[in-house]
Number of protein chains: 2
Amino acid sequence: MASNGHDNIPDIVIGRLPIYLRALNRLADDGQEITSSHELGQRLGISSAQIRKDLSHFGGFGKQGTGYQIEYLQEKLRKVLNIDREWEVALIGVGDLGKAIAHYRGFADRGFHIACLFDSDPAKVGQEIGDYTVQPMAALQQAIQDKGIRLAMLAVPVQHAQEVANTLVESGITGILNYAPINLTVPKHIQVQYIDPVVGLQRMTYYLED
Amino acid sequence: MASNGHDNIPDIVIGRLPIYLRALNRLADDGQEITSSHELGQRLGISSAQIRKDLSHFGGFGKQGTGYQIEYLQEKLRKVLNIDREWEVALIGVGDLGKAIAHYRGFADRGFHIACLFDSDPAKVGQEIGDYTVQPMAALQQAIQDKGIRLAMLAVPVQHAQEVANTLVESGITGILNYAPINLTVPKHIQVQYIDPVVGLQRMTYYLED
DNA sequence: GAAAAGCTGTTATAGTTTTCACATGAAGAA
DNA sequence: TTCTTCATGTGAAAACTATAACAGCTTTTC
Ligand SMILES: NC(=O)c1ccc[n+]([C@@H]2O[C@H](COP(=O)([O-])OP(=O)(O)OC[C@H]3O[C@@H](n4cnc5c(N)ncnc54)[C@H](O)[C@@H]3O)[C@@H](O)[C@H]2O)c1
Ligand SMILES: NC(=O)c1ccc[n+]([C@@H]2O[C@H](COP(=O)([O-])OP(=O)(O)OC[C@H]3O[C@@H](n4cnc5c(N)ncnc54)[C@H](O)[C@@H]3O)[C@@H](O)[C@H]2O)c1
């Protein structure tokens, strides 16, 4: 049916594709070559019908009677998600969390290359972290525009998150991964994703008996 | 997800409550005392009707013509979510990420107290981090049972995450916040929440034009 | 090589979630 | 007071999402 043009695929379907891809990565690591909607569903706690239906939005990736070739399906999902290439990401805020992020290899392994680091603290500016030097905020706009960077990770204290987000948007960033526990107000065409572990914990305690 | 003796409030509603609470925290920080479903909705990019409907599952927290008393609503939401008390959390894996987590004050500020640290690496065991000493994995079950800990954060390498999760479940943990990029297989009564920043990035790139 | 078993893609059905729209109550203005 | 404005809580309708079921192709089994 539809291929990679932005037809009207529900957001909720798009949101599950990275989860499918992550499960496929694990199966591939284990040396497995073929899987099925049933196996994936069992692993993910999702019905097999839902997986088949989600995938069918983008074309037939499987083979009746056989299942899905893992490597092929990974390739197709990467293409759909636009991650069949490397994305450069700016990281703002090189504190405890920012440093852990900068050292973490899991981003590069999955196609996201941290291409520059920024911090407002003069004591941090100039520090070498990984392959890069921490730059001052004054250099942000120019650097992002020169490199054509579209994505940023925001790891500054909550009080400054909105203000830095505004700067990012002005600089041309269109996707922000926000670690600060605050909902950002941004123009409609800007994507934001939130990482807030406390929200995760709070979602669980509801279900725990006292 | 199993609902523990609660009414049958949809999971999706429960999942939004921490987001509402977070927004209320910000408003309270700004010194505001009253808000409305409309104001909250604007900040969160959610319709006001949805917020009113969500809250109405738990009783009438607002006042017609006026809105919601922020402090009162926070209190009520905390009660609903079972976070009108402090929860102790075990942290497994004291690497780069685990250290950043252990130093982060945002957990304690929002009612989650990291009560013990574990690592399998003999070089890490015995290290002092924050107020606690890293303990060996062999001490895990006893410590968790003695303290009656129900929640754990999992920050070990992906290859060991499932095996450690199994140990946690055996030890009596019923909620796991998993930082490793793998879907855990656990018994039905165990809650799991995932923190995977790469998934967040991948959800955004779909919407970015090439 | 025929029958059995397995799996996809898809259409139809069931279920869930969101939005709409309004009755009702509160607060301030004139 | 009375009028106007504002905002909640809620049933009904609309929109969306998940599940069930099956035709049709593939592989395995005997
Ligand atoms: N540490 C964690 O495990 C963790 C976990 C979840 C969320 N967070 C969140 O991530 C953010 C950072 O946490 P952290 O523990 O690394 O804090 P931190 O204080 O160690 O680091 C914050 C960094 O941001 C820099 N900064 C401050 N204002 C800035 C500005 N206007 N522009 C650019 N840089 C600025 C500071 O100089 C500092 O280096 C916080 O919002 C926190 O709530 C942290
Ligand atoms: N660093 C980050 O910013 C970041 C971000 C997102 C996700 N993660 C994920 O978090 C996990 C940890 O990342 P990290 O960068 O801290 O890795 P790390 O290698 O620095 O730390 C892992 C720690 O786990 C310990 N460990 C290993 N096996 C163990 C076992 N069986 N039982 C107990 N402890 C064990 C190790 O001794 C080490 O101290 C990984 O799964 C990683 O993918 C990390």
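Remember, it's a predicted structure, so these values are computed and weren't measured experimentally.
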* Asked: Distance only, no hydrogens: is a donor on one side chain within 3.5 Å (strictly under) of an acceptor on the other, for B:Q193 and B:N178?
  ->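 The answer is no; no qualifying pair exists.
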* Go through the structure and list residues passing ring-ring contact (aromatic ring centres under 6.0 Å, His included) with B:F107, not counting sequence neighbours. =>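 Listed in chain order: B:Y104.
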* To do: Nearest whole angstrom, please: distance from the P of C:dT17 to the CZ of B:R16.
  =>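 Answer to the nearest Å: 9 Å.
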* To do: Mind calculating the distance between CD1 (A:I14) and P (D:dC16) to the nearest angstrom?
  =>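 Computing the A:I14:CD1 to D:dC16:P distance gives 15 Å.
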* Asked: Considering only heavy atoms, which members of residues 21-46 of chain A lie under 4.0 Å from some atom of DNA chain C?
  ->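 Close to the strand are A:S36, A:S37.
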* To do: Taking only heavy atoms on the protein side, list every residue of residues 50-78 of chain B lying under 4.0 Å from any atom of DNA chain C, sorted numerically.
  =>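 B:Q50, B:R52, B:K53, B:K63, B:Q64, B:G65, B:T66, in order of number.
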* Between B:E88 and B:R150, is any pair of side-chain heavy atoms under 4.5 Å apart? ->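 Of all side-chain heavy-atom pairs linking B:R150 with B:E88, none is under 4.5 Å.
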* Asked: Salt bridge or not for B:D196 and A:R110, using N-O below 4.0 Å?
  ->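 Answer for the salt bridge query: yes.
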* So, are A:R16 and A:D54 salt-bridged, with charged N and O less than 4.0 Å apart? ->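 Result for this pair is yes, salt bridge flagged.
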* To do: Find out whether the Lys NZ or Arg CZ of B:R43 is both under 6.0 angstrom from the six-membered ring centre of B:Y20 and within 45° of the ring's axis.
  =>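 The answer is no, since B:R43 fails at least one limit relative to B:Y20.
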* **Geometric cation-pi criterion B:R22 and A:Y194, 6.0 Å radius, 45° cone** =>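 Because its charged atom sits under 6.0 Å from the ring centre and within 45° of the axis, B:R22 does stack over A:Y194.
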* Please check the phosphate of C:dT19 (OP1 and OP2 only) for any side-chain N or O of B:S47 closer than 4.0 Å. =>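 Yes.
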* If every non-hydrogen atom of B:I195 is compared with every non-hydrogen atom of A:P197, which pair is closest and at what distance? ->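 So the minimum-distance heavy-atom pair works out to CD1-CA, 3.6 Å.
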